[in-house]
Amino acid sequence: MDTSKIKEKFRSLYGSDGVMYTSPGRINIIGEHTDYNGGFVLPGAIDKAMYCEIKPNGTGKVRAFALDLNESCEFGLEEADKPEKQWACYIFGMCREIAKKGKSVQGFDTVFAGDVPLGAGMSSSAALESCFGYALNDRFSLGFTRMEIALMGQATEHNYVGIKCGIMDQFASCHGKEGYLMKLDCRSLEFEYVPFNPKGYRVVLLNTCVEHNLAAGGEYNKRRASCERVVAEIAKTHPEVKLLRDASMDMLKAVKDKVNPVDYLRAEFVIGEVQRLLDACAAMEKGDYETVGRKMYETHEGLSRQYTVSCPELDYLNAMAKGCGVTGSRVMGGGFGGCTINIVKEELYDAFLQETLAAYKNEYGIDARVYDVVIKDGARKID
Ligand code: GLA
């Protein structure tokens, strides 16, 4: 992204220059809704990111300007109430979470902007939290690790946005590495970098351009509550089970009559998804993307029918992909709109996009957006 507009605005608002930081959005190959269940995820940071320029201002106040929205907000670091504007809550939340850890942030001026599409399932909000977390950590020499910054981003979602999300998005934004995916164990927070070079294939996102808002209706939080209720039931006979990751299909079957059918289906999806990720990783190690792709279709099916976080537009794009012979396709991220992620053989790429975009437009009157996936580095300073 061209960051010169951020610099110009910063100078015109505050009369001097600050330091620029960036943190990216993410994709996830497989392992959806597994993070808050202690399972695995397989994300990678992408070439779409949030950017902020910041400079300490010697006061107890934060003055922020959201360039893409042309909106400003000011809040005191000692204020108890969160700002009204949602975008400002992300910055406010990060400052508060840092303070809770006993470190102090002083007042600062900032201008930020980005090119992570909003509501597309690419984690624009995690990118914003991680961008400010990383920037404040560096500017004020706070000494947090990347994982600690990611955890404070997650806490910001929980405490100031109201989404009880897992750690995947903030983790990926903070730890991304060019050319690599990351296999994260969300129970232990151990992770490894996995080279990602699917020779002969392209990875492409198709945005339904149907916006999701994970907070609206609390649908995301409801999924999490279902999982927790099932864990509580299983733990009555298996106290070692603290998360769905710890449970087997047999344990789940044994409580079938004790949990409600909706919760049961959701838990069945999660336990299956933890295993699917492991199978997909094993296949990927051998360069077997056909198996990875099959697992992705299975994930889509589960997210649509069992976990019920898809929507007609996403199901349509998924079915089109299947019809066009695409290797793997599924809804990506939290769901309820946003993108499908597709692994497609190079020779099918053009025909797939041409056919799908035309059919989608015909069906819904919407131009779906296309993003070729490029795996890039995580949070960093960029001056
Ligand atoms: C959202 C959340 C993540 C994760 C995904 C689903 O992106 O922020 O923590 O739960 O949904 O895998």
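In what follows, residues are counted from 1 in the order of the sequence shown. Just so you know, ligand 1 is whichever comes first in the structure, and atom 1 is the first atom listed for that ligand.
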In terms of atom number and element, which parts of ligand 1 are under 4.0 angstrom from non-hydrogen atoms of [X]?
{"X": "Y220", "result": "1 (C), 2 (C), 3 (C), 4 (C), 9 (O), 10 (O), 11 (O)"}
{"X": "R26", "result": "7 (O)"}
{"X": "G166", "result": "9 (O)"}
{"X": "Y36", "result": "10 (O)"}
{"X": "M168", "result": "4 (C), 5 (C), 12 (O)"}
{"X": "D169", "result": "1 (C), 2 (C), 3 (C), 7 (O), 8 (O)"}
{"X": "D35", "result": "3 (C), 4 (C), 9 (O), 10 (O)"}
{"X": "G333", "result": "6 (C), 11 (O)"}

Worksheet item: Which pairs pass ring pair (Phe, Tyr, Trp, His ring centres under 6.0 Å) with one or both residues in residues 273-300, sequence neighbours excluded?
Response: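 The answer is Y201-Y289.
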Between [X] and ligand 1, is there a nitrogen or oxygen pair with a distance under 3.5 Å?
{"X": "I167", "result": "no"}
{"X": "H33", "result": "yes"}
{"X": "E32", "result": "yes"}

Discussion item. With no hydrogens and no angle check, just 3.5 Å: does a side-chain donor-acceptor pair link S23 and S173?
Written reply: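 There is such a pair between these side chains.
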Worksheet item: Under 3.5 Å, is there a donor-acceptor pair between the R294 and T291 side chains?
Response: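 The criterion, which ignores hydrogens and geometry beyond distance, is satisfied for T291 and R294.
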Worksheet entry | Which segment of M122 sits under 4.0 Å of ligand 1 when only heavy atoms are counted |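 Contact part for M122 vs ligand 1: neither.
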Worksheet entry | ring-ring contact (aromatic ring centres under 6.0 Å, His included) between F92 and F132, intermediate numbers included | CA-CA 10 Å; F92 177 81; F132 276 97; over 10 Å; no
Worksheet entry | Qualifying residue, where the test is side chain to side chain donor-acceptor pair (under 3.5 Å) with R245 and the options are N37, D185, T34 |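 The single option meeting the side chain to side chain donor-acceptor pair (under 3.5 Å) with R245 is D185.
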Worksheet entry | cation_pi(K61, F75) dist<6.0 Å, angle<=45 |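 Judged by the rule (NZ or CZ under 6.0 Å from the ring centre, within 45° of its axis), K61 is not positioned above F75.
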Worksheet item: Salt bridge check: are E273 and R276 linked by an N-O gap of less than 4.0 Å?
Response: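 Salt bridge between E273 and R276, a charged N being under 4.0 Å from a carboxylate O: yes.
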Worksheet item: Between D372 and R202, is the closest basic N to carboxylate O distance under 4.0 Å?
Response: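 Yes.
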